[in-house]
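Because the structure is predicted, anything quoted here is derived from the model rather than measured. Below, chain A is the first sequence line, B the second, and so on; all start at residue 1.
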Amino acid sequence: SLSERLEGVFKNLRGQGRITEANVKDALRDVKMALLEADVNFRVVKDFVARVQEKALGREVLTSVSPGQLMVKIVYDELVEILGGDNAPFALQAGRTNVVLMLGLQGSGKTTFCGKLARRFAREGWHPLLVACDIHRPAAVHQLQVVGEMAGVPVYSEGTGRPAPDIARAGLEHARATGRNLVIVDTAGRLHIDEVRMDELQSIKAVTSPTFTFLVADAMTGQDAVTSASTFNDTVGIDGVCLTKMDGDARGGAALSIRAITGKPVKFIGTGEKLDDLVEFFPDRMASRILG
Amino acid sequence: VKAASKVDDNLIERIEEILIRADLGAETSMSIVERMKEFEARGATPDELLEVFKKELLSIVERGQRTLTIGAHRPHVILVVGVNGTGKTTTIGKLAAEMREAGLKVMLAAGDTFRAAAIEQLDIWASRTGAAIVKRDMGADPSGLCYDAMEKARDGGYDVLLIDTAGRLHTKTNLMEELKKVVRVIRKVDPTAPHDTLLVLDATTGQNAISQARVFTEALPVTGLIMTKLDGTAKGGVLIGIRNLFDIPVLKIGVGEGVEDLRDFSAQEFVDALFA
Ligand SMILES: Nc1nc2c(ncn2[C@@H]2O[C@H](COP(=O)(O)OP(=O)(O)OP(=O)(O)O)[C@@H](O)[C@H]2O)c(=O)[nH]1
Ligand SMILES: Nc1nc2c(ncn2[C@@H]2O[C@H](COP(=O)(O)OP(=O)(O)OP(=O)(O)O)[C@@H](O)[C@H]2O)c(=O)[nH]1
Ligand SMILES: [Mg+2]
Ligand SMILES: [Mg+2]
């Protein structure tokens with residue numbers, strides 16, 4: 001783990017050597033390697049290491065009796081700061097029809113997450129409605145209907161014959177007409193470089209004016225996480241991130257990359273395939289996981 | 001890189017970034033970069049440098065290269081596995097289309113009896129491609145379904161049986177055991193099957209793809225890899241690390257969501273794209 005490696009860099013010096021800029025540089029190289037191995041984006045790692053270097057070369061580490069442990073603390077605190085920062089817990093607004101729009105790359109876990117959010121908020125007293133706006137993937141509408149059934153939440157769908165933005169608008173009207181105060185819109189997975197699909201997404205957003213737009217991202221995503229996330233954010237706009245498949249052994253560096261580059265916070269974590277497998281995001285837990 | 005006038009630390013740093021951002025991983029990228037510094041010392045030109053390393057990556061990736069071929073034995077059984085959401089079901093649809101185009105009689109087995117609408121999704125691909133399908137209700141035992149499909153494929157004189165399985169994280173031991181049981185059950189009907197076991201990887205996946213490859217190949221007789229979603233911006237550089245460690249060729253790549261979006265893997269195109 002990085003902690004072990006950092007302690008190892010300085011261990012040999014205790015008692016007989018001095019902490020110098022040179023061996024702090026060794027420690028920083030270990031930090032760089034560990035973050036890259038955890039799939040943190042190259043540029044984000046560069047900036048991160050520069051910030052840690054600034055803190056490490058300050059008097060503290062150079063005069064510390066336990067420089068390895070102090071380095072670990074500096075890295076950990078910096079991670080928690082970036083991941084957490086001003087992040088407030090996710091909250092819906094009472095007295096209005098909340099709209100939560102789910103978007104992301106193919107296969108990231110959006111449809112499943114729609115069900116997870118529906119179940120959670122139904123339990124908290126909201127009246128969710130799922131809206132099936134994926135008119136592209138075979139049996140996507142059916143999948144959302146089954147998910148809705150499992151969550152005990154109604155699903156608004158019109159098959160695949162009508163444009164997705166029209167279905168979204170109709171779904172919103174249906175919610176207002178039937179007293180549903182939380183509309184969760186499932187959309188098709190799409191590439192951020194697919195202009196037609198990105199136009200569709202912008203139209204869906206325009207007609208639904210979401211209270212919150214979630215990028216649903218796979219925890220095992222590599223360097224590409226930044227490219228897709230920033231394009232989704234620049235083109236359509238996202239408010240937060242749901243990170244899925246965290247029940248695997250991916251270190252999840254994509255979380256740091258996405259947060260650092262878009263500035264948008266991770267709100268929820270998917271921890272399995274069942275509708276109950278949803279937890280709130282905790283920056284300190286994520287920091288430990290990324291460090292390995 | 002081509003535009004650079006000489007090999008210097010600046011160029012090498014840019015190459016390091018290209019390699020890492022292509023998901024080759026820190027260790028692999030660093031070791032290439034270290035060796036590039038030797039070339040810098042010897043005064044190589046950027047073109048020479050690029051050629052040497054492209055050749056090297058090419059030899060790693062094309063080792064043991066082959067195409068997915070349907071041999072003489074009937075039915076040729078292909079088991080498709082991988083973690084959640086990588087594109088297994090869609091890839092089976094594309095394979096079915098390709099094989100139908102070649103005049104083969106194709107049967108699909110709806111082996112994902114767990115996920116919502118997984119069977120319906122595969123059923124749509126069956127209708128689109130003119131393939132037969134063996135399916136049961138959601139929640140049925142996948143091994144039982146596969147046994148049934150093996151018998152039907154044999155008795156119905158099918159050329160190819162493509163078996164879809166539920167996505168599963170390689171860290172879930174019980175789910176990996178479920179797959180091993182599927183293989184055992186397949187062998188009860190035909191001890192030589194499955195004739196191909198294809199691990200489907202997503203091009204956007206980072207270093208975790210290496211653990212996926214390790215666990216799946218230790219558990220199952222994986223004969224080939226398929227990398228999907230290469231129509232995106234991810235380069236799939238993890239294949240370098242995977243090919244370095246495992247002797248399993250990449251057979252196909254997925255380049256879109258349509259039925260035609262499947263190509264034979266070209267090592268040369270793959271390596272060229274890393275530096276594009
Ligand atoms: N292990 C695990 N699997 C998950 C998680 N979230 C989703 N999945 C699985 O990932 C796969 C893809 O999930 P979907 O909900 O269909 O993904 P999607 O983003 O809607 O896919 P597209 O609509 O095709 O873009 C399914 O097998 C899900 O069961 C998670 O947190 N953990
Ligand atoms: N852009 C692109 N999308 C793809 C490709 N292959 C599959 N997809 C999409 O990825 C998503 C997931 O595909 P599936 O075939 O359902 O994946 P799966 O592995 O069967 O998923 P699970 O059974 O839930 O584990 C769908 O939206 C597909 O259309 C590809 O090569 N390129
Ligand atoms: Mg979906
Ligand atoms: Mg599937």
Are more than 12 heavy atoms from other residues, nucleotides or ligands located less than 6.0 Å from atom [atom1] of [X]?
X      : atom1 : result
A/R29  : CZ    : no
B/N174 : CG    : yes
B/K135 : NZ    : no

Most contacts with chain A, counted as non-hydrogen pairs under 4.5 angstrom, among B/S211, B/S29, B/A117: B/A117
Donor-acceptor pair between B/T171 and A/D249 side chains, under 3.5 angstrom: no
Between A/Q106 and B/E257, a side-chain donor and acceptor under 3.5 Å: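 Side chains of A/Q106 and B/E257: pair found under 3.5 Å.
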Tell me, side chain or backbone of [X] under 4.5 Å from chain A's heavy atoms, or both, or neither?
X      : result
B/D231 : both
B/K235 : neither
B/V83  : side chain

Show the nearest heavy-atom pair for residues [X] and [Y], with the distance to one decimal.
X      : Y      : value
A/K245 : B/N84  : NZ-O, 3.0 Å
B/I124 : A/A139 : CD1-N, 3.5 Å
B/A116 : A/V147 : CB-CG2, 4.3 Å
A/D39  : B/G206 : OD1-CA, 3.4 Å
A/G107 : B/K229 : CA-NZ, 4.2 Å

Interface residue of largest heavy-atom contact number with chain B, from A/L191, A/V146, A/L144, under 4.5 Å: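 Between A/L191, A/V146, A/L144, the count favours A/L191.
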Largest heavy-atom contact set with chain B, pairs under 4.5 Å, which of A/E37, A/Q145, A/H136, A/H192: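 The option with the most such pairs is A/H192.
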Under-4.0 Å salt bridge between B/E120 and A/R137: no
Salt-bridge criterion met for A/D224 and B/R21 (N-O under 4.0 Å): no
Side chain from CB out, backbone as N, CA, C, O: work out which of these in [X] comes under 4.5 Å of a heavy atom of chain B, or both, or neither.
X      : answer
A/T221 : both
A/D247 : both
A/E273 : side chain
A/L105 : side chain

A/R43 vs B/E17, salt bridge (Lys or Arg N to Asp or Glu O under 4.0 Å): CA-CA, chis, key distance, verdict: CA-CA 9 Å; A/R43 294 256 165 91; B/E17 178 167 356; 2.7 Å; yes
Backbone of B/T205 reached by a side-chain donor or acceptor of A/D218 within 3.5 Å: no
Donor-acceptor contact below 3.5 Å, side chain B/D23 vs main chain A/Q223: yes
Positive for side chain to side chain contact (heavy atoms under 4.5 Å, CB included) with B/I20, one of A/V45, A/L36, A/N41: A/L36
Worked check of side-chain contact (heavy atoms from CB on, under 4.5 Å) between A/Q143 and B/R115: CA-CA 9 Å; A/Q143 184 185 2; B/R115 206 208 68 212; 3.6 Å; yes
CD on B/E27 to CE on A/M33, rounded to 0.5 Å: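 It is 6.0 Å, given to the nearest 0.5 Å.
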